[in-house]
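Take a look at the structure below.
Below, all heavy atoms of this structure are taken into account, side chains as well, without hydrogens, waters or symmetry copies. Residue numbers begin at 1 in each chain, while the letters A, B, ... track the order of the sequences.
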Amino acid sequence: MKKIEAIIRKSKYSAVKEALHEVGVNFFSYWDVTGIGNEKEGHVYRGISYSTSDIQRRFLSIVVNDDFEEATIEAILKAASTGEVGDGKIFVSDIKECYRIRTGEKGGETLR
Amino acid sequence: MKKIEAIIRKSKYSAVKEALHEVGVNFFSYWDVTGIGNEKEGHVYRGISYSTSDIQRRFLSIVVNDDFEEATIEAILKAASTGEVGDGKIFVSDIKECYRIRTGEKGGETLR
Amino acid sequence: MKKIEAIIRKSKYSAVKEALHEVGVNFFSYWDVTGIGNEKEGHVYRGISYSTSDIQRRFLSIVVNDDFEEATIEAILKAASTGEVGDGKIFVSDIKECYRIRTGEKGGETLR
Amino acid sequence: MMICTALVFFMHLGFAFLEIGLTRQKNTINILFKNIFIITIGLLLYYLVGFNLMYPGEFNGYLGSIVPGIAPPENGMTPDYASGGYTWWTDFLFQGMFAATAATIVSGAVAERIKIGPFMIFTIIYVGLIYPIAGSWKWGGGFLDELGFYDFAGSTLVHSVGGWAALVAVCALGPRIGKFKDGKPQAIPGHSIPLATAGVLILWLGWFGFNGGSVLSADPELTSLTLVTTCLAAAAGGVVAALVSFLKFKNLDLTMFLNGILGGLVGITAGADVMTPESAILIGAIAGALIVFAVSFIDRLRLDDPVGAIAVHLVCGMWGTLAVGIFSTNPDHTLYAQFIGVLCYAAICLVSAFLIFFVMKKTVGIRVSEKEELEGLDAHEHGMDAYPDFRLNEH
Amino acid sequence: MMICTALVFFMHLGFAFLEIGLTRQKNTINILFKNIFIITIGLLLYYLVGFNLMYPGEFNGYLGSIVPGIAPPENGMTPDYASGGYTWWTDFLFQGMFAATAATIVSGAVAERIKIGPFMIFTIIYVGLIYPIAGSWKWGGGFLDELGFYDFAGSTLVHSVGGWAALVAVCALGPRIGKFKDGKPQAIPGHSIPLATAGVLILWLGWFGFNGGSVLSADPELTSLTLVTTCLAAAAGGVVAALVSFLKFKNLDLTMFLNGILGGLVGITAGADVMTPESAILIGAIAGALIVFAVSFIDRLRLDDPVGAIAVHLVCGMWGTLAVGIFSTNPDHTLYAQFIGVLCYAAICLVSAFLIFFVMKKTVGIRVSEKEELEGLDAHEHGMDAYPDFRLNEH
Amino acid sequence: MMICTALVFFMHLGFAFLEIGLTRQKNTINILFKNIFIITIGLLLYYLVGFNLMYPGEFNGYLGSIVPGIAPPENGMTPDYASGGYTWWTDFLFQGMFAATAATIVSGAVAERIKIGPFMIFTIIYVGLIYPIAGSWKWGGGFLDELGFYDFAGSTLVHSVGGWAALVAVCALGPRIGKFKDGKPQAIPGHSIPLATAGVLILWLGWFGFNGGSVLSADPELTSLTLVTTCLAAAAGGVVAALVSFLKFKNLDLTMFLNGILGGLVGITAGADVMTPESAILIGAIAGALIVFAVSFIDRLRLDDPVGAIAVHLVCGMWGTLAVGIFSTNPDHTLYAQFIGVLCYAAICLVSAFLIFFVMKKTVGIRVSEKEELEGLDAHEHGMDAYPDFRLNEH
Ligand SMILES: Nc1ncnc2c1ncn2[C@@H]1O[C@H](COP(=O)(O)OP(=O)(O)O)[C@@H](O)[C@H]1O
Ligand SMILES: Nc1ncnc2c1ncn2[C@@H]1O[C@H](COP(=O)(O)OP(=O)(O)O)[C@@H](O)[C@H]1O
Ligand SMILES: Nc1ncnc2c1ncn2[C@@H]1O[C@H](COP(=O)(O)OP(=O)(O)O)[C@@H](O)[C@H]1O
């Protein structure tokens with residue numbers, strides 16, 4: 001099993017969600033994070049202009065069986081990209097084991 | 001060392017926390033996430049009924065030594081389950097190394 | 001590639017951010033979590049004093065190439081430490097693969 | 001007088017802010033719904049039956065009927081009603097704005113665990129029948145008025161009437177899950193202290209209308225004295241409550257400061273027009289100290305009153321009523337009459353609230369399920385979130 | 001009267017809270033900016049041209065000019081202006097506080113997607129010219145006044161005038177992204193129900209001044225009747241809207257309760273001084289029911305009105321105006337005259353709003369880019385966040 | 001008059017909302033605590049010593065004493081006090097509501113880093129002694145009154161008195177950690193722009209009472225003119241500030257709009273009753289422009305004033321006072337007398353505030369520790385969170 005973590009623009013979330021559903025990935029969790037990267041955002045407050053590279057982004061954590069890995073990544077890459085700096089990253093890592101709390105069962109079939 | 005990530009119902013948090021303390025797991029971090037899964041929640045807003053599968057859940061991240069893995073998972077499985085769809089998942093992965101910032105020391109004994 | 005997850009005091013965030021920039025780590029994501037650990041915080045509310053070990057902390061997730069691992073950890077250890085209980089932890093794990101969404105390219109060079 | 005009515009109306013926002021501010025966000029919609037319901041239904045009920053019930057004698061000349069009915073006086077608009085000071089309509093509206101307050105007080109005490117349906121039933125009975133009947137004993141010229149009992153603007157008639165019902169309701173409901181652990185009270189912090197603070201300031205503003213308007217005349221001498229005693233008692237109540245809770249808990253507790261202000265306001269309400277400013281400060285100060293001890297004492301009784309309604313409205317309401325017997329500049333006011341008054345209201349309120357709540361408890365049930373309580377009443381009774389754009393902690 | 005002016009001023013806070021409460025946090029600064037702009041520029045414009053335009057005849061004796069101009073009457077301070085009831089200055093300020101309201105109503109309906117520049121232009125034209133011209137037809141003693149058309153405090157002159165423009169604007173702009181999916185309306189919950197609730201209570205408070213002050217005299221008889229009808233209609237509107245939406249959607253919907261209160265208030269506004277309390281309750285109740293159906297109906301028309309401005313101000317404004325023809329205690333008020341009045345205002349408002357919005361749409365454009373809309377107008381038009389210390393959900 | 005007192009009281013909520021809105025959430029409880037403390041203690045102090053100190057001559061007939069004392073006049077309730085317009089009690093309460101304002105202004109400027117104990121001491125001395133003594137020079141019939149100095153409702157006596165102390169306090173305290181980086185000012189955004197906006201609208205509402213009530217008579221002519229000039233100046237101040245900051249920073253900055261409104265209000269306060277509406281607009285407009293430049297200029301001086309108190313209350317207060325000498329319709333008002341007045345108040349305020357703050361700095365210390373400042377004053381001085389149910393960003 002793989003954990004796919006994607007850091008995307010908040011405004012791209014709906015598109016990514018739909019893309020994931022299309023390739024059959026119906027389970028994931030997300031939360032909002034602040035990203036430090038190349039992108040800068042301009043602000044003005046009481047006459048002081050400042051730019052910050054702390055930009056709010058959405059962090060998706062998706063655990064999938066190995067055979068879904070590729071499709072999932074494809075889907076995100078396509079749906080989340082705008083071509084401008086700040087589109088985000090995808091990180092893939094291994095998951096050793098996984099359990100469904102409701103039933104207590106474990107293994108890859110709990111992921112669908 | 002293992003990282004145990006549990007996605008649970010918010011209303012089960014106190015029960016899980018107590019169960020963890022009982023098996024001697026006194027260190028962890030948590031935050032709230034939105035989960036996409038099988039469960040649906042009904043809402044009504046100004047005459048429009050809608051159901052959403054975006055449900056707020058609590059995400060627990062617990063790093064434990066290998067000998068604690070089993071007890072931790074057992075504890076969560078028992079305390080977090082209601083038997084209804086939406087109880088959540090547990091994911092287990094490897095942690096290579098770990099440091100205690102206060103002292104700078106590293107290794108498994110930093111986890112207690 | 002390695003994922004370095006650091007749980008630090010919120011008041012140490014600026015110091016850590018600067019220390020990371022100094023060693024050339026300019027990309028990361030962070031969010032706020034609640035930490036359960038040894039530290040306790042006293043509160044009073046309407047005549048009831050209580051102490052809680054649920055303390056708000058900042059969670060930094062930094063993915064770096066292997067050759068940056070050591071410098072990153074050093075930087076955090078130094079900048080985030082106060083010597084008092086509650087300074088937090090650093091966890092290191094493996095990342096299998098990584099993609100830049102903007103370009104679709106993959107591998108370690110997407111991390112800079 | 002009409003402006004005072006507007007200010008008293010505005011107190012409902014103060015109550016709403018105070019109650020949601022001191023409770024958890026997951027029950028916010030529920031509390032707001034209850035409060036809005038109380039205001040609207042209270043006004044309609046007072047129109048239908050309450051006003052006639054409460055001021056039966058006063059309208060004999062007009063209406064000739066003291067039984068409940070939907071017929072308002074047909075020529076109450078004669079401007080020389082109340083010796084030219086204000087019209088029947090103003091009187092109705094001013095009193096109508098008060099009427100709902102008794103239920104609002106209960107609303108705070110039962111927050112976060114009561115079923116909304118039964119609460120609505122309680123509101124209708126209590127605001128529609130009990131409050132006006134009890135009120136007529138004094139303000140309607142009833143037997144307590146004959147006896148020399150004095151309650152200027154409602155320390156007893158409004159605040160204690162609400163407070164007694166709150167006490168009964170809290171006993172009937174039991175504490176919120178997690179409020180007591182191994183018998184010891186736990187803190188369940190309110191979700192927005194700024195809104196709670198705003199609520200108290202709005203209530204204080206409303207008291208300008210509440211006490212100012214209760215002079216029931218535009219006599220500037222009396223009205224202005226009333227406002228001065230009201231404000232000084234509030235200030236003294238707040239400062240003393242903050243001081244006492246600082247000495248007791250070594251902490252600058254804003255919520256106690258706020259409760260102290262309210263305590264001072266409730267305390268002065270019974271005699272705002274018959275006090276010297278010095279007495280007002282003293283009454284307020286004692287009310288402020290009482291609050292701190294009462295809040296802790298109620299906790300120790302294992303009663304769970306999330307917003308401190310019992311301490312503020314019942315304890316300080318009683319204190320204020322008795323204080324008239326002690327400090328009044330009018331020698332006709334006796335501690336004895338005040339005491340009898342307090343007892344009579346305790347009796348009617350305790351009995352009627354007990355009947356209402358325990359009948360409902362045995363039949364429809366008054367408490368939400370554990371699941372609803374844990375996940376929040378907003379999600380279950382209303383299917384809505386108060387703050388959908390914010391990330392929340394849950395407890 | 002001056003107090004009433006203050007209360008009407010305060011309604012702008014009510015509108016602001018209501019509008020931001022029912023929209024998403026990412027557009028909060030934008031909405032507040034628009035509202036603050038409307039208040040300030042509205043007052044200045046009304047000073048420059050509006051008041052003279054709106055009350056041309058009234059000032060002939062003073063000014064001798066009905067064309068727009070910046071010369072206020074030089075001796076309007078004579079205290080016996082308006083037969084001693086109030087001064088010219090008070091009159092100006094009271095009316096000036098109303099003036100901006102028409103634009104505020106539109107502001108809510110177009111929230112979360114309109115470009116701020118064009119909205120400012122619209123405000124200037126609509127508040128500076130259209131509103132006073134339309135207003136003069138009735139309140140300035142124009143042809144509709146001659147005809148016997150009656151609108152006490154602006155169900156039509158204020159609320160419908162805003163409502164018609166809101167309707168045009170909503171059509172011109174199109175719905176927010178995500179509001180309709182496969183033709184079916186989706187919920188886009190507002191970000192702070194407590195603020196929305198506070199907004200409604202503040203508006204209700206303001207209505208004490210709005211309707212109370214519109215008596216334009218200190219006659220206590222009429223003023224107090226007006227306040228009673230106003231409050232009863234509001235209460236009835238709220239309760240009925242809550243009830244109907246409970247029956248229809250099986251849900252205790254606080255936002256419908258709130259909209260119902262507003263609907264009742266708007267509905268009674270046209271005839272608050274010529275109604276019996278019974279009629280007021282009926283008018284309010286019907287307005288409350290109308291609201292629920294109107295909100296759903298507007299959704300079904302695929303019009304996107306985030307705060308329900310069209311349902312509240314236009315639908316209930318028309319209902320209230322017609323209701324005068326039905327329920328008025330004054331036999332001179334006819335349904336026919338009321339109907340003509342509604343039509344005339346529909347005509348001038350629809351035409352002028354259409355011209356303003358469609359000219360702007362073809363030239364400068366009235367809608368923000370998709371990116372701006374998705375990421376929020378605050379970030380793009382103001383470079384600021386409303387709640388920088390809070391973690392937010394985005395949608 | 002009593003209503004005006006209520007509105008002025010309500011300004012304290014406006015200040016509280018403005019101050020917490022423009023600062024970070026981690027210091028919210030602390031700011032609210034300070035503000036509530038100021039209101040309550042201010043009223044008590046004014047009762048004890050302030051009123052007698054401030055209006056010594058006025059009460060000779062009653063009290064015969066100008067030294068501080070706790071004896072209020074014994075027959076101040078005679079209704080023909082102040083030629084029948086209002087009673088002694090009303091006068092006391094109205095002035096007492098003002099009294100605290102000077103300290104509230106300072107509270108905003110020193111927010112997020114001052115120790116609460118020393119701030120309380122400052123409040124007691126400044127509100128209890130300095131403000132009434134300084135006030136007596138003009139309003140008590142002192143030497144500045146003789147000189148022909150004019151300050152209608154306190155541009156100098158209230159706002160500058162607060163502003164000068166704020167300036168001293170800001171110098172004594174130093175900037176917040178992170179406010180200046182390599183000598184350049186950094187933005188520290190406030191945590192709730194909606195509350196800040198509400199604060200400004202509530203303050204504007206309060207100004208209806210502040211300036212309206214300061215006419216100290218029910219003369220409708222003068223009062224209504226005063227309200228018109230007040231509102232027009234506020235509107236002009238806001239619009240101009242927004243415009244200037246748009247031209248200067250290419251941004252529609254809501255906080256500048258809000259500060260501009262306040263600047264206009266403060267500016268008109270000195271002469272609201274002796275201005276034509278045109279002059280009022282001009283005074284407001286200039287105040288609005290001043291604000292924008294002053295805020296930037298104060299930043300450039302490396303002074304850290306989180307809410308802009310110095311720009312609003314000191315700069316615009318001085319401007320407004322001088323403006324009386326330029327624009328007043330009363331030829332007795334001279335620029336010279338106004339200038340002397342400004343200087344005298346600068347002297348007493350700077351000296352006394354300097355003494356208070358620097359004595360405290362050397363003894364008890366006035367600034368919290370770095371750790372407290374970083375983690376927030378709420379956690380350390382109060383052990384409480386303002387928003388425990390919300391997930392927060394920290395900075
Ligand atoms: N090495 C990293 N570790 C964790 N998060 C990262 C890392 N690199 C990028 N991110 C996240 O991705 C976001 C976008 O990255 P950025 O460098 O701004 O744009 P791009 O990926 O288009 O070059 C960042 O804001 C941050 O949240
Ligand atoms: N593959 C996954 N990756 C990440 N989170 C998941 C995954 N599957 C489930 N979750 C989380 O677990 C929650 C519960 O899952 P759900 O399917 O609703 O119930 P159940 O586990 O009982 O079948 C989801 O809301 C989501 O937060
Ligand atoms: N095993 C763990 N898994 C996850 N988070 C942990 C773990 N141990 C510690 N933490 C995090 O680190 C924080 C600090 O730990 P604590 O025990 O209080 O202090 P110290 O590390 O100085 O002994 C905790 O609040 C928690 O957020």
Handout entry: Residue pair F/Thr40 / D/Ala235: nearest heavy atoms and the distance that separates them
Key = O-CB, 3.4 Å
Exercise for the section: May I ask you to test the D/Pro194-F/Thr28 pair for a side-chain heavy-atom distance under 4.5 Å? Expected result: yes
Exercise for the section: Of all the heavy-atom pairs spanning F/Pro388 and D/Gly190, show the shortest one and how long it is. Expected result: CG-O, 3.0 Å
Practice task
Could you give me the CA-CA distance, side-chain angles and deciding distance for D/Leu201 and F/Ile36, then say whether side-chain contact (heavy atoms from CB on, under 4.5 Å) is met?
Solution key: CA-CA 9 Å; D/Leu201 290 179; F/Ile36 297 282; 4.1 Å; yes
Problem - Part of D/Ile3 lying under 4.5 Å from any heavy atom of chain F - result: side chain
Problem - Side chain to side chain, F/Met384 and D/Thr255, heavy atoms closer than 4.5 Å - result: yes
Completion exercise
Heaviest contributor of heavy-atom pairs below 4.5 Å to chain F, chosen from D/Leu205, D/Leu7, D/Leu195, D/Leu258, is D/Leu205
Practice task
Identify which part of D/Asp253 has an atom lying under 4.5 Å from any heavy atom of chain F, answering side chain, backbone, both or neither.
Solution key: both
Practice task
Just say parallel, tilted or perpendicular for the rings of D/Phe208 and F/Phe9, cut-offs at 30° and 60°.
Solution key: tilted
Practice task
Working to the nearest 0.5 Å, report the span between CG of D/Leu254 and CG of F/Leu32.
Solution key: 6.0 Å
Problem - NZ/D/Lys184: more than 12 non-hydrogen atoms of other groups inside 6.0 Å - result: no
Problem - D/Ile202 versus chain F, the contacting section by heavy-atom distance below 4.5 Å - result: both
Problem - Residue pairs, two or more places apart or on separate chains, that pass side chain to side chain donor-acceptor pair (under 3.5 Å) and touch residues 193-211 of chain D - result: D/Trp207-D/Thr269, D/Asn211-D/Thr230
Handout entry: Main-chain N/O of D/Arg24 paired to F/Asp389 side chain as donor or acceptor, under 3.5 Å
Key = no
Practice task
Give every residue pair that meets the ring-ring contact (aromatic ring centres under 6.0 Å, His included) criterion with at least one member in residues 24-44 of chain F, sequence neighbours excluded.
Solution key: D/Phe257-F/Phe33, F/Phe33-F/His382
Practice task
Apply side-chain contact (heavy atoms from CB on, under 4.5 Å) to F/Thr90 and D/Leu227, showing your working.
Solution key: CA-CA 8 Å; F/Thr90 308; D/Leu227 295 186; over 6 Å; no
Exercise for the section: Measure F/Phe92 against the heavy atoms of chain D and call it side chain, backbone, both or neither at under 4.5 Å. Expected result: side chain
Handout entry: Among the listed options D/Gly238, D/Ala198, D/Gly237, the residue most often paired with chain F at heavy-atom distances under 4.5 Å
Key = D/Ala198
Exercise for the section: Show your working on side-chain contact (heavy atoms from CB on, under 4.5 Å) between D/Ile281 and F/Tyr47 and close with a plain yes or no. Expected result: CA-CA 10 Å; D/Ile281 292 179; F/Tyr47 174 74; 3.7 Å; yes
Problem - Residues of residues 13-21 of chain D within contact distance of chain F, non-hydrogen under 4.5 Å - result: none
Exercise for the section: Please work out which of the three classes, parallel, tilted or perpendicular, describes the rings of D/His191 and F/Phe390, given edges at 30° and 60°. Expected result: tilted
Please table the atom pairs, donor to acceptor, closer than 3.5 Å between any side-chain atom in residues 116-127 of chain F and protein atoms at least two apart or in another chain.
from, atom 1, to, atom 2, distance (Å)
F/Thr123, OG1, F/Phe119, O, 2.8
F/Tyr126, OH, F/Val161, O, 2.8

Practice task
In sequence, state the C-alpha distance, the side-chain angles, and the governing distance for F/Leu93 and D/Ser224, and then conclude on side-chain contact (heavy atoms from CB on, under 4.5 Å).
Solution key: CA-CA 8 Å; F/Leu93 204 60; D/Ser224 58; over 6 Å; no
Handout entry: Side chain, backbone, both or neither of F/Asp385 within contact of chain D (heavy atoms, under 4.5 Å)
Key = backbone
Exercise for the section: Can you tell which part of D/Phe10 gets under 4.5 Å to a heavy atom of chain F, answering side chain, backbone, both or neither? Expected result: side chain
